[in-house]
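For reference, the structure discussed in these notes is given below.
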Amino acid sequence: MPEGHTIHRTAGLLSSMFAGSELHVSSPQGRFAPGAALVDGRALTTVDAWGKHLFAAFDLPAGQPRHLHIHLGLYGKFAMGDGDAPPVRGALRARLEGGGHWADLRGPIVCEVITDEEKDAVTRLLGPDPLRRDADPDRAWKRLSRSGISVGQLLMDQKVLAGVGNVYRAELLFRGEVSPFRAGRDLTPDDWDSAWVDLVALMKRGVKAGRIVTTRPEDRARRSGVVTVADSHYVYRRTGLPCRRCGELVRTEVMAGRNLFWCARCQVS
Ligand SMILES: [Zn+2]
């Protein structure tokens, strides 16, 4: 599933392509036709992201449905380009065209047009998003520090933190030398402060690069040049490979419905 950095990057791209332009919004597949009709022909004003949710606002009076709300889920994907849009192929949920650009959306779990109140109802349920300037890490801390649930599970809960997925969960815990099995209430305020700072930096880098790289140069097989896929992570998808720090074999087990990866020697407690 795309993590928050992908959604923020997409929001930035859509904004630079479309903000200020009147868009032709359609649903070649038909499933989103009623929603598309609500914003078709209107100017797109702003695009923002909160966790894994993307909102594109259109120039319509307050009170009317005017936010295109998208959640990609596991399989959703955007394709974008300049000039004329390509011929329609397959199940195309939504197409945006205007300002000399196009964007196609396939396979999202949510694609709808909602009101200001409905948008607020979505974001109210989300924890702070490390990539948002208005993010308040104390909101996440309140939930983490009161919970007997493991941090590995809490980090995947979008009500605790918005935008973190399976890769950032595993990598953040490794970098902080925190066991994924430690209960939230056993974290210290210092643990959380440094985890938040690290997470913000990692995710910002993810937005810029369009990929997640969490390793430090000294921990990579190749220390200079473009970071290879194999060198990008400490533990994520490295089951059975030696830990980059201590040589212990990286482990995996299912936690919160997804494979968790960790080093049992570096992340003891
Ligand atoms: Zn290790």
Side-chain angles (χ1 to χ4, degrees), residues 1-6 52 127-131 137 140-141 143-145 147-158 160-269:
M1 183 180 300
E3 303 196 22
H5 70 296
T6 304
K52 298 175 182 178
D129 173 344
L131 289 170
W141 173 243
R143 282 178 174 268
L144 288 163
S145 59
S147 178
I149 297 172
S150 64
V151 287
Q153 214 160 326
L154 290 165
L155 288 181
M156 294 292 273
D157 182 346
Q158 300 297 300
V160 175
L161 266 183
V164 171
N166 208 22
V167 187
Y168 283 122
R169 158 175 80 169
E171 297 297 303
L172 181 72
L173 291 173
F174 178 87
R175 287 169 58 101
E177 298 179 11
V178 172
S179 163
F181 302 98
R182 196 195 299 183
R185 62 175 171 237
D186 294 334
L187 285 173
T188 66
D190 278 353
D191 290 332
W192 174 238
D193 288 348
S194 43
W196 177 263
V197 169
D198 198 31
L199 188 56
V200 170
L202 284 177
M203 292 185 76
K204 276 188 179 167
R205 226 182 297 156
V207 175
K208 227 172 157 185
R211 57 185 284 218
I212 301 177
V213 175
T214 59
T215 47
R216 297 180 178 90
E218 62 269 28
D219 295 325
R220 296 175 194 145
R222 237 178 63 185
R223 296 193 180 189
S224 61
V226 177
V227 183
T228 62
V229 174
D231 260 350
S232 300
H233 308 128
Y234 282 105
V235 287
Y236 179 73
R237 286 200 175 155
R238 298 193 74 243
T239 312
L241 293 173
C243 170
R244 294 181 189 279
R245 293 258 176 84
C246 76
E248 175 88 10
L249 302 186
V250 173
R251 300 188 190 184
T252 188
E253 80 172 46
V254 175
M255 184 190 269
R258 306 286 300 280
N259 283 323
L260 167 78
F261 305 87
W262 82 104
C263 170
R265 197 185 288 172
C266 292
Q267 298 168 262
V268 180
S269 62

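Keep in mind that what you see is a predicted model, and the values were worked out from it rather than measured. Counting convention: from 1, in listed order, for ligands and their atoms alike.
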Taking the side chain as C-beta and beyond, is there a heavy-atom pair between H233 and F174 under 4.5 Å? no
Derivation of the side chain to side chain contact (heavy atoms under 4.5 Å, CB included) call for F181 and L260: CA-CA 10 Å; F181 302 98; L260 167 78; 4.1 Å; yes
Within-4.5 Å side-chain heavy-atom neighbours: W262 and M255: no
Write down the atom of H5, the atom of G210, and the distance for their closest heavy-atom approach. CD2-C, 4.5 Å
May I ask you to check if R245 and Y234 form a cation-pi contact, with NZ or CZ under 6.0 angstrom from the six-membered ring centre and within 45° of the axis? yes
Keeping to distances under 2.8 Å, can you name the protein N/O/S atoms close to the Zn ion (ligand 1)? C243 SG, C246 SG, C263 SG, C266 SG
D198 side chain vs L172 backbone, donor-acceptor pair below 3.5 Å: no
